[in-house]
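Since the model is a prediction, treat every value here as computed from it, not as a measurement. Any value given below was found using the heavy atoms of this structure, including those in side chains, with hydrogens, waters and symmetry copies removed.
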Amino acid sequence: MDATASAPSQPPPPSPPAPPAKHIFILSGQSNMAGRGGVTRHHGWDGVVPPECRPDPSFLRLTAALRWEEAREPLHRDIDTRKTCGVGPGMAFANALRERGVGAGGAAVVVGLVPCAVGGTAIREWARGEHLYESMVRRARESVKDGGGGGEIKALLWYQGESDTSAEHDAEAYRGSMEALIKNVRGDLGLPSLPVIQVAIASGDGRYMDRVRRAQLEINLPNVVCVDAKGLPLKDDHLHLTTQAQVRLGRMLADAYLQHFAP
């Protein structure tokens, strides 16, 4: 046998598995998005995490320091720092997405949550140029950078409006302000068709709640849908959703996303 004959060729090593896709969702608005479920006035958060809000290694949150970490309640603990945060809709939303088919068929998917909500804030504080708006846009931009693993922003989830129910002028201006916010966010992120799922409020600080709700329900822009929180149980303060109401809302938001925007 010719000693110089080449050895049989070896099959190439298998390709490493593709990294999981990261589906990113911006959570913004005021306290009912930040989450007050399980929070009592004198004792803080009760620490109870319903099974529908359990953490999972495939659920990440963007911290205030712009680092990804495993998501767990309270999602807004380092964002809405002026009040005690508890259970909000975000973790129930993430769990419902996984249960209802996101990442099905063997496709690995990471759900990235970008908390931005701050309690007690009016829509005017979310106008372009204001601190809250600019912080939200900055966090959204950072969430998709390659250094953090990249990803794609799939939707903005928005629950706000209670602080605009006290003055007639604010309530009357709400629709125009919200439509401007949507257009500005889409423009500043370079996502002209960014899905927006807003929540029609279930409570308010003042007498013009119905006007704000009507404004929310009447917004008619492409890729904008509204989930109605009316009828969800409120805490004794008659303003914030209970823990179980937040679970229900998170699942309603997931239903809306899957029905209207998921491929």
Are Tyr257 and Leu249 connected into the same hydrophobic cluster when the rule is that any two of I, L, V, M, F, W, Y join if their side-chain heavy atoms are below 4.5 Å apart?
yes

Basic-acidic side-chain contact under 4.0 Å: Arg139, Glu142
no

Please determine whether residues Leu217 and Val225 belong to a single hydrophobic cluster, defined as Ile, Leu, Val, Met, Phe, Trp and Tyr linked transitively by side-chain heavy-atom distances below 4.5 Å.
no

Is there a side-chain contact between Phe59 and Met91, using heavy atoms and a 4.5 Å cut-off?
yes

Which heavy atom of Leu234 sits nearest to which heavy atom of Ser203, and what is that distance?
CD1-CB, 4.0 Å

Could you tell me whether a side-chain N or O of Arg186 sits under 3.5 Å from a main-chain N or O of Leu191, the two making a donor and an acceptor?
no

Between Met33 and Leu157 the two heavy atoms that sit nearest each other are CE-O, 3.5 Å

In plain terms, say whether Arg175 and Glu218 are close enough for a salt bridge, that is, a side-chain N and a carboxylate O under 4.0 Å apart.
yes

Counting distance only, does the side-chain N/O of Asn223 pair as donor-acceptor with the main-chain N or O of Ser193 below 3.5 Å?
yes

Counting only heavy atoms not in Arg141 (residues, nucleotides, ligands), do more than 12 fall under 6.0 Å from its CZ?
yes

Are any side-chain N or O atoms of Ser177 and backbone N or O atoms of Ala173, one a donor and one an acceptor, separated by less than 3.5 Å?
yes

In this structure, would Ile24 and Ile182 fall into the same cluster of hydrophobic residues linked by side-chain contacts under 4.5 Å?
yes

Please report, to 0.1 Å, the donor-acceptor pairs under 3.5 Å made by any side chain of residues 109-119, with sequence neighbours excluded.
none

Which residues pass the side chain to side chain donor-acceptor pair (under 3.5 Å) test with Gln198, sequence neighbours left out?
none

Could you walk me through whether Arg128 and Glu130 pass salt bridge (Lys or Arg N to Asp or Glu O under 4.0 Å), step by step?
CA-CA 6 Å; Arg128 179 188 266 161; Glu130 296 293 333; over 6 Å; no

Donor-acceptor check, side chain of Asp80 to backbone of Ser31, threshold 3.5 angstrom: yes or no?
no

Could you note down all residue pairs passing ring pair (Phe, Tyr, Trp, His ring centres under 6.0 Å) where residues 194-251 supplies at least one of them, sequence neighbours left out?
none

Rounded to the nearest 0.5 Å, how far apart are CG of Leu181 and CZ of Arg124?
14.5 Å

Using side-chain heavy atoms (C-beta onward) and a distance below 4.5 Å, is Trp68 in contact with Lys22?
yes

Nearest non-hydrogen partners of Gly206 and Thr165, listed with the distance:
N-OG1, 2.9 Å

Please assess Val247 against Cys53 for the test side chain to side chain contact (heavy atoms under 4.5 Å, CB included), listing each intermediate value before the final yes or no.
CA-CA 7 Å; Val247 169; Cys53 301; 3.8 Å; yes

From Thr243 OG1 over to Glu52 CD, what is the distance, rounded to the nearest 0.5 angstrom?
10.5 Å

Looking only at atom types and distance, does a side-chain atom of Glu125 sit under 3.5 Å from a main-chain N or O of Ala122, one as donor and one as acceptor?
yes

Would you say Glu152 and His23 make side-chain contact, with heavy atoms under 4.5 Å?
no

Is there a continuous path of hydrophobic side-chain contacts, each under 4.5 Å between heavy atoms, that joins Leu189 to Leu156?
yes

Salt bridge Asp236-Arg41, side-chain N to carboxylate O under 4.0 Å
no

4.5 Å side-chain heavy-atom contact, Trp126 and Ser28
yes

Same cluster (ILVMFWY, side-chain, under 4.5 Å), Val87 and Leu232
no

What I want to find out is whether Glu168 reaches Arg211 closely enough, with some N-O distance under 4.0 Å, to be called a salt bridge.
yes

Are side-chain heavy atoms of Leu27 and Leu75 found at a separation under 4.5 Å?
yes

Salt bridge or not between Glu69 and Arg61? Use side-chain N to carboxylate O under 4.0 Å.
yes

Could you tell me whether a side-chain N or O of Gln216 sits under 3.5 Å from a main-chain N or O of Gln160, the two making a donor and an acceptor?
yes

Looking at Glu99 and Arg54, is there a salt bridge between them, counting it only when a charged N and a carboxylate O are closer than 4.0 Å?
yes

Would you check if the side chain of Lys235 reaches a backbone N or O of Arg36 as a donor-acceptor pair within less than 3.5 Å?
yes

Is there a donor-acceptor pair closer than 3.5 Å between any side-chain N or O of Asp164 and the backbone N or O of Ile123?
yes

To the nearest 0.5 Å, what is the distance between CD1 (Ile197) and OH (Tyr159)?
14.5 Å

I'd like to know if Glu179 and Lys183 make a salt bridge, using a cut-off of under 4.0 Å between side-chain N and carboxylate O.
no

Euclidean distance, His131 NE2 relative to Thr121 OG1, rounded to 0.5 Å:
11.0 Å

Report the distance from atom OG of Ser143 to atom CG of Leu66, rounding to the nearest 0.5 Å.
9.5 Å

Over all atoms of both residues, closest heavy-atom pair of Phe261 and Val224
CZ-N, 4.5 Å

Pair Ile201, Met209 - check side chain to side chain contact (heavy atoms under 4.5 Å, CB included), show working.
CA-CA 8 Å; Ile201 58 174; Met209 184 182 80; 3.8 Å; yes

Between Leu253 and Val199, does the side chain to side chain contact (heavy atoms under 4.5 Å, CB included) criterion hold? Intermediate values first, please.
CA-CA 9 Å; Leu253 289 166; Val199 181; 4.0 Å; yes

I want to check something: taking the side chain as every heavy atom from C-beta on, are Pro50 and Gln244 in contact at a cut-off of under 4.5 Å?
yes

Shortest non-hydrogen contact between Cys85 and Val39, atoms and distance:
C-CG2, 3.8 Å

Determine whether Asp205 and Ser163 make a side-chain contact, defined as any pair of heavy atoms from C-beta on separated by less than 4.5 Å.
yes

Quick check: do Asp228 and Arg213 have side-chain heavy atoms less than 4.5 Å from each other?
yes

With distance as the sole test, does Arg77 use its side chain to make a donor-acceptor pair with the main-chain N or O of Pro74 at under 3.5 Å?
yes

To the nearest 0.5 Å, atom CD of Gln30 lies from atom CG of Leu132 at 10.5 Å

Report the C-alpha separation of Tyr133 and Val185 in whole Å, then their side-chain angles, then the decisive distance to 0.1 Å, and conclude whether the side chain to side chain contact (heavy atoms under 4.5 Å, CB included) test is met.
CA-CA 9 Å; Tyr133 175 88; Val185 167; 3.5 Å; yes

Closest heavy-atom contact between Glu162 and Asn32?
OE2-ND2, 2.9 Å

